[in-house]
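Only this structure's heavy atoms are used, side chains among them; waters, hydrogens and symmetry mates stay out. Naming: A, B, ... by sequence-line order, numbering from 1 per chain.
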Amino acid sequence: MENASIAEILEEYAKYLEINNEDFFRVRAYNSAARSVLGLDFNIAEILKSGEELPKIKGVGKNIQGHIEEIVNSGTFHELEEIKSNTPQILIVMNKIPGVGAKKAFKIHKELGVNSLGELEYACIENRLAMLDGFGEKSQNKILKNIEYVKLSMQRRLLADAEETAEKIHSFFESIDYVEKYEIAGSYRRKLETVKDLDLVIVAQGESNVLDKIAKEGFFDEIREGGEKKISAALDGLPVDLRCFEKDDFYTALHHFTGSKAHHERLRGIAKSKNFKINEYGIFQGDKKLKVSSEEEIYEILGLHYIPPELREGIFEFREDLDFENLVTEEDIKGIFHIHTNYSDGAMALQDIVDYCRSRNFKYTGISDHSRSAFYAGGLKEEELFDQIEKIDAVNAENRDFFVFKGIESDILPDGSLDYSKDVLQKLDFVIASIHSHFNMSMSEMTDRIIKAVNNPCTKILGHPTGRLLLSRDGYQVDMYEVIKECCRNNVIIELNCNPYRLDIDWRYLQTLIKEGGRVILCPDAHSKNGFEHIKYGVYAARKGGLTPAHVLNTLDTDGIAGILKNKC
DNA sequence: GCCGTTTTCGGCCCGACTGTTTTCAGTCG
Ligand SMILES: Nc1nc2c(ncn2[C@H]2C[C@H](O)[C@@H](COP(=O)(O)OP(=O)(O)OP(=O)(O)O)O2)c(=O)[nH]1
Ligand SMILES: [Mg+2]
Ligand SMILES: [Mg+2]
Ligand SMILES: [Zn+2]
């Protein structure tokens with residue numbers, strides 16, 4: 001079992017505790033234990049099963065360790081199952097109403113016997129809500145109005161889609177002259193794969209009510225609420241939070257608004273233990289406000305190495321054995337694999353791809369169309385593959401400073417075998433093995449299926465290992481830890497698919513992967529020219545996972561790649 | 001629920017805003 005599964009279950013329990021109005025610090029204990037588990041450099045289940053003693057895990061004491069042992073044995077723990085079956089659905093629903101949290105939802109349910117949103121609407125209309133202690137006419141009206149928001153059920157947004165809204169915001173700030181400095185912070189700046197909103201930090205020197213002025217520009221679709229220092233707006237259906245600061249406070253404000261919440265809890269705890277205090281207005285030593293002119297200085301003052309925004313998730317950035325000085329960048333990428341041509345479902349011809357890659361200064365590419373079982377995606381019959389091989393050989397004969405590696409994205413068939421015979425695959429430089437069908441297998445079946453493909457000597461790369469499509473399709477059930485170990489044992493590189501809907505393998509597994517000695521390859525999975533633009537999302541994800549160029553196969557030059565691929569099957 | 005260590009229970013990140021309150025709790029960032 002993966003640590004991530006354990007973490008997920010602990011987080012779920014925290015959510016139920018919170019909804020049931022349990023002690024705040026108890027809720028937080030479960031949340032922070034979950035983060036700790038996610039950031040471990042060993043596999044909990046493996047250690048427990050071997051009968052060894054579990055090393056000390058920060059934030060995991062007797063109780064939570066007991067739960068973890070139960071989770072490893074049975075996939076859940078009884079307190080969780082109990083609270084799940086005892087929590088009325090309406091509490092969960094009401095918690096989604098803006099302005100209604102655990103306390104209010106609990107009270108409404110308990111004292112008014114409200115069991116559905118419909119009943120809540122009635123209670124408001126009949127003025128019963130306003131009669132409750134702590135409620136009044138205004139909050140009643142607000143709740144009535146906000147019930148609609150739950151029905152709309154706000155979704156998170158793909159980072160790549162949020163970027164389009166961000167572009168509009170950049171143009172807007174170009175067009176006005178009274179904002180001196182601003183930056184989009186929050187999860188957007190941390191390059192999280194999906195974002196709930198955009199969080200803007202704004203500085204306007206010598207302007208009294210900047211936010212008011214911005215609100216009145218009519219640029220945003222909606223201004224939901226606001227005070228002097230912050231307003232909540234929306235654009236393209238995406239919420240936007242704006243906060244205004246003095247120029248001198250810009251860096252601590254930016255740092256604050258970049259988050260994450262979990263990062264701040266840890267960092268501020270550390271600060272406090274060293275007799276500092278951090279908030280959005282500065283870092284303080286006693287009454288003295290220290291001068292800060294970069295985010296780096298905040299970490300320096302605390303005696304910590306710098307933690308870039310992408311890493312600030314409260315998961316593993318505080319581990320003492322890690323530093324983030326040499327994270328991979330887009331410039332490190334020397335060439336790209338997993339390109340589809342018009343032989344299968346791609347839009348570009350081989351020569352177009354070569355020309356385009358050269359114009360982008362790539363030194364090589366790896367062509368991999370779909371295999372024959374993927375008939376819906378124009379998968380290649382053997383003759384077509386042989387034809388493509390000839391064409392690629394011809395291109396390579398013409399070019400001295402660019403190389404095309406010959407490959408295929410082979411379906412992993414339900415029994416774990418690949419889609420062509422060995423003597424066909426031997427004609428290729430590489431095989432990406434991917435799952436494109438029969439997603440509904442049990443976790444152990446699916447894990448066995450993938451592991452069998454990974455053990456096939458022809459397999460060089462494992463493609464999009466969970467098959468997830470962010471915000472629309474969960475990945476298939478697979479034990480990623482077992483898969484990672486098998487990949488490392490067989491020298492199979494794991495793809496980090498750069499398509500912003502995929503970003504698969506998830507960055508949260510990357511520390512585990514490199515601990516096991518593995519590497520990733522960043523693949524745009526391009527079906528058209530536009531697909532090449534996706535590389536940056538893969539780089540963001542790799543950085544979030546703390547990877548350096550050495551952990552990314554396609555930072556190597558052509559000879560380096562050829563060396564890795566030289567053992568044919 | 002966890003932690004530290006003045007080994008036993010008090011503290012756990014910090015602030016803006018709202019609406020209710022009559023001095024602050026709840027929600028959200
Ligand atoms: N210190 C502190 N800062 C917080 C807390 N909650 C939010 N923040 C800061 C850090 C967050 O990154 C920032 C923006 O809050 P958001 O709710 O928008 O979360 P974030 O952008 O991190 O993720 P999301 O919007 O959900 O994709 O505000 C908190 O409880 N404590
Ligand atoms: Mg946000
Ligand atoms: Mg926000
Ligand atoms: Zn694929």
Would the distance check show the side chain of A:Asn43 and the main-chain N or O of A:Glu46 forming a donor-acceptor pair, the cut-off being under 3.5 Å? yes
Using 30° and 60° as the class boundaries, would you call the ring planes of A:His256 and A:His264 parallel, tilted or perpendicular? parallel
Any donor-acceptor pair under 3.5 Å linking the side-chain atoms of A:Glu81 with those of A:Ser85? no
On DNA chain B, does the nearest nucleotide to A:Val100 precede the nearest nucleotide to A:Glu228 from the 5' side, or the other way round? Give the residue. A:Glu228
For the NZ atom on A:Lys15, are there more than 12 heavy atoms of other groups (residues, nucleotides or ligands in this structure) within a distance under 6.0 Å? no
Within the 4.0 Å heavy-atom criterion, would you say A:Val60 contacts the bases, only the backbone, or no part of the nucleic acid? sugar-phosphate
Euclidean distance for C1', B:dG11 against B:dA16 (whole angstrom): 24 Å
Pick the C1' atom in B:dT21 and in B:dA25, then give their distance to the nearest Å. 9 Å
Not counting sequence neighbours, which residues clear salt bridge (charged side-chain N to carboxylate O under 4.0 Å, His left out) with A:Glu69? List them please. none
Taking only distance into account, with no hydrogens and no angle test, what donor-acceptor pairs under 3.5 Å do side-chain atoms of residues 4-11 of chain A form with protein atoms, sequence neighbours excluded?
none

With syn defined as a glycosidic torsion within 90 degrees of 0 and anti otherwise, which applies to B:dT8? syn
Taking atom P in both B:dT22 and B:dC17, what distance in whole Å separates the two? 24 Å
Tell me whether the side-chain N/O atoms of A:Lys56 come closer than 4.0 Å to OP1 or OP2 in B:dC3. yes
By nearest-heavy-atom nucleotide on DNA chain B, the more 5' of A:Arg26 and A:Tyr281 is A:Arg26
Mind checking what makes salt bridge (charged side-chain N to carboxylate O under 4.0 Å, His left out) contact with A:Glu119, not counting sequence neighbours? none
Can you check the distance between B:dT23 and B:dT18, where both ends of the measurement are the C1' atom (answer in whole Å)? 15 Å
Is any side-chain N of the basic residue among A:Glu310 and A:Arg189 closer than 4.0 Å to the acidic one's carboxylate O? no
Atom pair distance, as rounded to whole Å: CD1 in A:Ile202 and P in B:dG29: 17 Å
Taking the P atom in each of B:dG1 and B:dT5, what is the distance between them to the nearest angstrom? 23 Å
Separation of B:dC28 atom C1' from A:Asp197 atom CG, nearest Å, is 11 Å
Residues forming a salt bridge (charged side-chain N to carboxylate O under 4.0 Å, His left out) with A:Glu163, sequence neighbours excluded: A:Lys536
Any base atoms under 4.0 Å from A:Arg266, or only sugar-phosphate, or nothing? Heavy atoms, all strands. nothing
Calculate the interatomic distance between A:Phe257 atom CZ and B:dG15 atom P; express it in whole Å. 15 Å
Does the Lys NZ or Arg CZ of A:Lys104 fall within the cation-pi geometry relative to A:Phe106 - under 6.0 Å from the ring centre and within 45° of the axis? no
Whether the A:His67 and A:Tyr13 side chains hold a donor-acceptor pair (N or O, under 3.5 Å, no angle test) is what I'd like checked. no
Would one find a side-chain N or O of A:Lys230 under 4.0 angstrom from OP1 or OP2 of B:dA16? no
I'd like the C1' distance from B:dC3 over to B:dT7, given in whole Å. 12 Å
Between B:dT18 atom C1' and A:Asn141 atom CG, what is the distance in whole Å? 14 Å
Rounded distance (Å) that lies between atom C1' of B:dC14 and atom CZ of A:Arg243: 10 Å
Taking the six-membered ring of A:Tyr281, is the NZ or CZ of A:Lys289 close enough (under 6.0 Å from the centre) and on axis enough (within 45°)? no
List in numerical order all residues of residues 178-196 of chain A for which some heavy atom is under 4.0 Å away from an atom belonging to DNA chain B. A:Lys196
By the 4.0 Å heavy-atom rule, please label A:Ile97 as base, sugar-phosphate, or nothing. sugar-phosphate
Students often get this wrong, so: under 4.0 angstrom with heavy atoms, is A:Ile278 touching a base, only sugar-phosphate, or nothing? sugar-phosphate
Please report, rounded to the nearest Å, how far the P atom of B:dC2 is from the CD1 atom of A:Ile57. 11 Å
Between the protein and nucleotides 7-12 of chain B, list the N/O to N/O atom pairs that are separated by less than 3.5 angstrom.
unit_1: B:dC12; atom_1: OP1; unit_2: A:Lys272; atom_2: NZ; d: 2.5
unit_1: B:dC12; atom_1: O3'; unit_2: A:Arg28; atom_2: NH2; d: 2.9

Sequence neighbours left out, what passes salt bridge (charged side-chain N to carboxylate O under 4.0 Å, His left out) with A:Arg224? Give chain and number order. none
Proximity to DNA chain B (any heavy atom under 4.0 Å), residues of residues 29-36 of chain A only: A:Ala29, A:Tyr30
Between A:Glu313 and A:His263, do the side chains contain a donor N or O and an acceptor N or O under 3.5 Å apart? no
Check each residue of residues 63-95 of chain A for a non-hydrogen atom within less than 4.0 Å of any atom in DNA chain B, then write out the ones that pass by number, or none. A:Asn63, A:Ile64
With sequence neighbours excluded, what pairs up with A:Tyr122 under the ring pair (Phe, Tyr, Trp, His ring centres under 6.0 Å) test? none
Atom-to-atom span, CZ of A:Phe24 to P of B:dA25 - whole angstrom: 15 Å
Inter-nucleotide P distance (B:dG10, B:dG15), Å rounded: 24 Å
State, without any angle test, whether A:His551 and A:Thr548 hold a side-chain donor-acceptor pair at a distance under 3.5 Å. yes
Honestly, is A:Lys229 close enough over A:Phe245, meaning NZ or CZ under 6.0 Å from the six-membered ring centre and within 45° of the axis? no
Whole-Å C1' distance, B:dT27 and B:dT20: 13 Å
Assess whether side-chain hydrogen bond (donor to acceptor under 3.5 Å, both in side chains) is satisfied between A:Tyr306 and A:Glu325, documenting all intermediate values. CA-CA 8 Å; A:Tyr306 178 60; A:Glu325 276 166 27; over 6 Å; no
Using ring pair (Phe, Tyr, Trp, His ring centres under 6.0 Å) as the criterion, list what pairs up with A:Tyr149, not counting sequence neighbours. none
Chi-based syn or anti call at B:dT21, which uses purine or pyrimidine torsion atoms and a 90° bound: anti
What protein N or O atoms touch nucleotides 19-23 of chain B N or O atoms at under 3.5 angstrom, if any, and at what distances?
unit_1: B:dT20; atom_1: OP1; unit_2: A:Gly136; atom_2: N; d: 2.7
unit_1: B:dT20; atom_1: OP1; unit_2: A:Gly136; atom_2: O; d: 3.3
unit_1: B:dT20; atom_1: OP1; unit_2: A:Glu137; atom_2: N; d: 3.4
unit_1: B:dT20; atom_1: OP1; unit_2: A:Ser139; atom_2: N; d: 3.4
unit_1: B:dT20; atom_1: OP1; unit_2: A:Ser139; atom_2: OG; d: 3.1

What is the distance, to the nearest angstrom, from the CZ atom on A:Phe106 to the P atom on B:dA25? 19 Å
Measuring from the side chain of A:Lys103 (C-beta onward, heavy atoms only), which nucleotide among B:dG29, B:dT27, B:dC17 has the closest atom? B:dT27
Suppose we define a pair by two distances each less than 3.5 Å, Watson-Crick or G-U wobble; what does B:dT8 pair with here? none
